[in-house]
Amino acid sequence: MFATEKTFIESKIKTYLQSLEIEHASIEFRQIPFSGEWGLAVPLFPLAAAEARAGKKINVPQRAQELAEGIKTYLGDDLGGFSHVEAVNGYLNLYFSTSTYAQRVIDTVLEQGAHYGCHPDRGETVMVEYSQPNTHKAFHVGHLRNVILGGSICRILECAGYEVIRANYLGDIGLHVIKWMWNYLKNHDGETPAEDHTHWMNQIYAEADRLFQVPENEAEVRALYARWNQRDPEILALWEKTRAWSLAGFDQIYNQLDEHFDRLYYESEVETAGAELVESLIASGLAQDERPEGPVIMDLDQILGTEGEYRVLVVLRSDSSSLYATKDLPLAIKKFEDYQLDKSIYVIDVRQSLYLKQIFKTLEIMGFEWADKLYHLAYELVNLPGNVTMASREGTVVLFDDLVREATRRAKAIVEEKNPELTETTKQEIGEAVALGAIKYTMLSRDNTKMVTFDWDAALDFNGQAAPYIQYAHVRAGSILRKAGQALPEPTVYPDELHKTEVDLIELMTRLPAEVYRAAEEYRPLIIASLSFEVARAFNDFYNSCQVLNAAPGIREFRLRLVAAAQQVLASCLRLLGIKAPSVM
RNA sequence: GCCCUCGUAGCUUAAUGGACAGAGCAACUGCUUGCGGAGCAGUAGGUUGUGCGUUCGAAUCGCACCGAGGGUACCA
C-alpha cells in the first residue's frame, strides 16, 4: 500500500550510506510499535553490528543511534510522502500524516471489498485432505476439530493465492463396516435411516460393537467378513446401500458446517492397488515378507541406516489383509496422478506423526520425486473436562448433532431476547449461525499444537473472546450503515485529527493482508482468529466513543466510510474462519 | 529406553534476534446508562519451566535438565 514511499526513502537512505562507504546495506522496514501514529521503522542495529563484526571498535546501540541521526539530518525536509521523521533508540522512524494514511487504507479496503487481504494467484496447487470419517460410525466433537481446521486452512490458502483442492478420504471398508452390516441383518433388517442419518447409523454401530464382545457373535461377524472378501453380491449390494446412507448423513453435517469437498477418495478404491504395491515392494527387496508367521514389513531404519528414527512400518498383515499403510501409499500416488500438485497436505491428528513420517519416507525411498511435497498438518486432540479422552468405545463422546442442537438452542434463546420481532425462521437461522460460529471459534482460537478441552459453557460463552462478539460487531456496523439510509459517501478529504479509537481500528485493518499471508505459510487459522477479535474490539471501542450518525458534516462521511471498511474486514476474517456473518442478530 | 510436540499472568494469546514482555477473558475497586446491554475509568497479576551457552543484544537460536501430552511391528 505504501510501496512508492518505501522505494523512495530506501534509495535515499542507500545513497547516504554509500557516502559513508557502507555498501550492500539491506534496509529493513517494520511497523512502529507505538499506537496512535503510523509509519515505518528502520532499525539501524544490523548495520552497526556489521561494522562491529568487520573489526571496528564500537558500541552497537550507540552507533545505531548515530546512523539514525545521520540519516535524519541527510533527509532534511525531503521526505517524499512522509510527514516527519525521528531518530530514537537506534531506530529511524518515518511517520505518515494521519489523514493521508487513514484515507488510503479505507479507500483500499472499500475498493477491494471482499478481496481485501487476499493475494493474487500464485500459480500453485495445493491439495488438503481432511475430515476422513469412517462410514457407518459416529461423527463426534473430536472429528469436528479436523473439519473446522481443514476448512479454514483451505479458505486461508485460497485467499493467499493458492489453487486449493479439498479432498476427503472415507473409511468405507473394514471390520467396523462388517460389524455394522451384521447387526443390521440380524436385528434391524429392512429398516431405513431416521432423519438424522449419522446418529441412526451410529446407534446400530454402537450396538454391534457391544454384541461383538459375545464370542458366537464375533464368529458370525467373521463369517460375514469372509463373504465380503468373496465379493458376495448380496453383501456388496447391502454395503453400497448402507454406505450411501452414511455419506448422505455426512453431507448433512458438511452442509451445516458450510464445508464441501472437490474430490472424494475411498479406502475401497485403493485397496487393490495397495495389495499390488506391496507385492512390488517385496519383489524389489524393500519389504520383507514374513507371512504367514509374521506381517510384511519395511524396516526403514535398516534401509536408511538410522536408529530409532523411522522404526518399522507394517504394510500388510500376516493374514494378507490390509492396514492403513496398505492404502495410504497408493492413495498418495493417486493424488499426484490425478492432479499437478505443488503440495499435498494431510490434516490428521498428532498421534499419527510417526506413521505419516514413515509413509512419506517410504514414498521417497520408492523414488517418487514429489515425496518432499507431502506435509502432515498435525493438530492436538479435543479432550473433555477431567482429562477424559473422546472415545467411541468408552462412550465418552459428544456427538456432533447433540452439540449443534444444544448450541443452537442456547443461541436462539439469546437472539429471542435481544430481537423478539424477528420471524421464527430467521431466529432459527441466526441461532444456528451463532452456535456454529461459537463452536468453530473455540476450535480455531487456539494453536494447532494445543489441546482443546471441550467445555459446554466455554464453547457457548457468547461474551468475551468468542465468535458471537465478532459477529455482533459486524451487525452493529451494518446497523449504522442502514440507519444512515443512503449510499456510502464518496471518498473525501479526511480530517487531520483522528480519535484514538479510529487510529487503532485503522491500524488493525491494515494488518489483514500480511496476516493472511502468514496464516497460510504457517497453516495457523489462530492468527486470523486473533486479528478478527482485535478488529471487533477496536470497532466496539470506536463505536462507544465516536458518534457516527450525529457527527459534524465531513466527519460523518469519513466515519461512515470507516464503519463500512471495518465491516468488510470483519466479514473477511469471519469468512476465512468459515464463520457466517449475519446481518442481524 | 528411544523419538516427536509443547512450556509466556488463573485461561487464550502477542512480540518472527533489537525500543518498556503487549492484549483480551476471568478477578477486584469505583462510576455511568443505551446511534442495539452493557459501557467507562482504575487496581492487581510475569525472575517468559530451570540452568548454561552463542551474541553488542535472547521469550525468540543451541545444549542439558525438569514438567505435560503423544508415539514406539500386524490399532486407527
Side-chain angles (χ1 to χ4, degrees), chain A residues 28 30-35 41 43-46 48-49 51-53 57-65 88-91 93 132 134 171 174-176 288 290-291 294-300 306-326 348-355 357-358 378-381 383 387 389 417-419 442 445-453 455 458 461 463-466 469 472 475-476 478-480 483-484 518 521-522 526-527 529-531 533-534 536-537 540-541 543-551 563 584-585:
Chain A
E28 188 189 335
R30 53 180 72 179
Q31 293 286 319
I32 291 176
F34 317 118
S35 70
L44 281 309
F45 293 94
E51 289 186 313
R53 269 193 296 276
K57 280 209 166 167
I58 49 172
N59 173 309
V60 171
Q62 204 180 317
R63 175 62 178 157
Q65 176 63 15
V88 55
N89 291 335
Y91 288 83
N93 290 337
Q132 308 113 330
N134 281 330
L175 185 59
H176 70 277
Q288 298 159 26
E290 298 174 352
R291 287 174 296 175
V296 180
I297 60 156
M298 298 210 23
D299 190 337
L300 294 169
T306 48
E307 220 166 292
E309 203 182 340
Y310 291 97
R311 306 221 156 220
V312 166
L313 178 65
V314 178
V315 292
L316 201 64
R317 287 200 188 91
S318 45
D319 66 358
S320 297
S321 63
S322 61
L323 294 109
Y324 259 28
T326 325
I348 300 182
D349 79 62
V350 67
R351 290 175 303 185
Q352 302 197 35
S353 295
L354 174 62
Y355 168 70
K357 196 167 114 178
Q358 292 176 324
Y379 63 92
E380 262 294 353
L381 302 180
N383 257 9
N387 213 19
T389 320
E417 189 192 316
K418 283 197 174 178
N419 232 335
T442 304
S445 61
R446 46 221 66 197
D447 237 322
N448 304 341
T449 54
K450 293 265 175 82
M451 190 100 70
V452 173
T453 298
D455 182 273
D461 180 7
N463 292 311
Q465 194 162 349
Y469 180 83
Y472 187 61
V475 168
R476 278 177 141 178
S479 171
I480 294 177
K483 290 218 168 123
R518 201 158 69 98
E521 292 306 299
E522 300 175 13
L526 162 68
I527 292 172
S530 301
L531 180 64
F533 177 74
E534 285 186 66
R537 188 172 46 78
N540 281 337
D541 284 351
Y543 180 94
N544 285 311
S545 12
C546 297
Q547 294 269 320
V548 176
L549 297 175
N550 301 327
V563 169
V584 288
M585 64 187 270

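Per chain, numbering begins at 1; letters A, B, ... match sequence-line order. Reckoned from all heavy atoms, side chains included, excluding hydrogens, waters and symmetry mates.
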Which part of the nucleic acid, if any, lies within contact of A:Val315, taking any heavy atom under 4.0 Å across all strands shown: a base, the sugar-phosphate backbone alone, or nothing?
-> nothing
Within a strict 4.5 Å, meaning less than it, do heavy atoms of the A:Ile348 and A:Tyr355 side chains meet?
-> no
Identify which nucleotide among B:C74, B:G18, B:C35 has an atom closest to any side-chain atom of A:Ile480, counting heavy atoms from C-beta outward.
-> B:C35
Check whether any side-chain nitrogen or oxygen of A:Arg317 sits under 4.0 Å from OP1 or OP2 of B:C75, and answer yes or no.
-> yes
At under 4.0 Å between heavy atoms, what does A:Ala64 touch on the DNA or RNA strands: base, sugar-phosphate, or nothing?
-> nothing
With distance as the sole test, does A:Arg317 use its side chain to make a donor-acceptor pair with the main-chain N or O of A:Ser322 at under 3.5 Å?
-> yes
Reckon A:Arg446 has a side-chain N or O less than 4.0 Å from the OP1 or OP2 of B:C11?
-> no
A:Val314, nearest nucleotide to its side chain (from B:C74, B:C35, B:G71) = B:C74
Take atom C1' in B:G30 and the same atom in B:G67, then report the distance between them in whole Å.
-> 41 Å
Taking atom P in both B:A38 and B:U5, compute the distance separating them and give it to the nearest angstrom.
-> 44 Å
Is A:Gln358 touching bases, backbone alone, or none of the nucleic acid, heavy atoms closer than 4.0 Å?
-> nothing
Given B:C56, B:A73, B:U72, which nucleotide is nearest the side-chain atoms of A:Ala49?
-> B:C56
Sticking with atom C1', work out how far B:G10 lies from B:G46, rounded to a whole angstrom.
-> 13 Å
NA contact type, A:Asn419, heavy-atom cut-off 4.0 Å: base, sugar-phosphate, or nothing?
-> base
Picking from B:G69, B:C74, B:C35, which would you name as closest to the side chain of A:Glu380?
-> B:G69
When only distance counts, do a donor and an acceptor, one from the side chain of A:Ser318 and one from the base of B:C74, lie under 3.5 Å apart?
-> yes
Taking the same atom, P, in B:G57 and in B:A15, what whole-Å distance lies between them?
-> 24 Å
Does A:Lys450 place a side-chain N or O at less than 4.0 Å from the phosphate oxygens OP1/OP2 of B:U13?
-> yes
A:Arg53 CZ to B:C56 P, straight-line distance once rounded to whole Å | 8 Å
A:Arg351/A:Asp349 under salt bridge (charged side-chain N to carboxylate O under 4.0 Å, His left out): CA gap, chis, key distance, verdict | CA-CA 6 Å; A:Arg351 290 175 303 185; A:Asp349 79 62; 3.2 Å; yes
Whole-Å distance separating the OH atom of A:Tyr324 from the P atom of B:U72 | 14 Å
Check A:Ala52 against A:Val60 and note the closest heavy-atom contact, atom names and distance.
-> CB-CG2, 4.1 Å
Whole-Å gap separating C1' (B:U12) and CG (A:Asn448) | 14 Å
Between the base of B:A19 and the side chain of A:Asn93, is there a donor-acceptor distance below 3.5 Å?
-> yes
Inter-nucleotide P distance (B:A44, B:G24), Å rounded | 15 Å
Of the nucleotides B:G71, B:C3, B:U13, which one has an atom closest to the side chain of A:Leu354?
-> B:G71
Verify the stacking flag for A:Phe533 against B:G24: centroid separation must be under 5.5 angstrom and the ring planes must differ by under 30 degrees.
-> no
Whole-Å distance separating the OH atom of A:Tyr91 from the C1' atom of B:G57 = 10 Å
Where RNA chain B forms runs of at least three Watson-Crick or G-U pairs (i with j, i+1 with j-1, under 3.5 Å), the stems are B:1-7 with B:66-72, B:10-13 with B:22-25, B:27-32 with B:38-43, B:49-53 with B:61-65
Out of B:C74, B:C6, B:G71, which has the shortest distance to the side chain of A:Leu323?
-> B:C74
Any side-chain donor-acceptor pair under 3.5 Å between A:Ser321 and A:Asp319?
-> yes
Measure from the side-chain heavy atoms of A:Val60 and tell me the nearest of B:U12, B:A19, B:G18.
-> B:G18
B:G39 phosphate, OP1 or OP2: any side-chain N/O from A:Arg537 under 4.0 angstrom?
-> no
Name the residue closer to the 5' end of RNA chain B, choosing between A:Asp541 and A:Thr449 according to the nucleotide with the nearest heavy atom.
-> A:Thr449
Mind checking the P distance from B:C2 to B:G17? Whole angstroms is fine.
-> 32 Å
Taking only the side-chain heavy atoms of A:Val88 (C-beta and beyond), determine which of B:A73, B:A19, B:C56 contains the nearest atom.
-> B:A19
Nearest-Å distance for atom pair CG/P, residues A:Asp319 and B:A73 = 18 Å
What integer number of Å spans the P atoms of B:G39 and B:C63?
-> 47 Å
Can you figure out which of B:C2, B:C40, B:G70 approaches the side chain of A:Asn544 most closely?
-> B:C40
Protein-nucleotide distance (A:Ile297, atom CD1; B:A73, atom P), rounded to Å = 11 Å
Can you measure from CG (A:Leu313) to CD (A:Gln358) and round to the nearest 0.5 angstrom?
-> 4.5 Å
Indicate, with a heavy-atom threshold strictly under 4.0 Å, whether A:Met585 touches base, sugar-phosphate, or nothing.
-> base
Regarding the side chain of A:Val312, the nearest nucleotide among B:G1, B:A73, B:G69 is B:A73
Find the distance between CG (A:Leu44) and CD (A:Gln65) and round it off to the nearest 0.5 Å.
-> 8.5 Å
Hey, does A:Gln352 reach any base, or is it just sugar-phosphate, or nothing, if we go heavy atoms under 4.0 Å?
-> base
Integer-rounded Å distance: B:A23 C1' and A:Leu531 CG = 13 Å
Assert: residue with more 5' nearest nucleotide on RNA chain B, out of A:Glu309 and A:Val548, is A:Glu309
In terms of ring plane angle, is the pair A:Tyr469 and A:Phe533 parallel, tilted or perpendicular, where the classes change at 30° and 60°?
-> tilted
Calculate the interatomic distance between A:Gln65 atom CD and B:G57 atom P; express it in whole Å.
-> 19 Å
Could you measure between the two P atoms, the one in B:G22 and the one in B:A64, and give it in whole Å?
-> 32 Å
Is any side-chain heavy atom of A:Glu309 closer than 4.5 Å to a side-chain heavy atom of A:Lys357?
-> yes
Under the 3.5 angstrom rule, does the side chain of A:Ser530 hit a backbone N or O of A:Leu526 as a donor-acceptor pair?
-> yes
Is A:Thr326 reaching over with its side chain to a backbone N or O of A:Val315, donor-acceptor style, under 3.5 angstrom?
-> yes
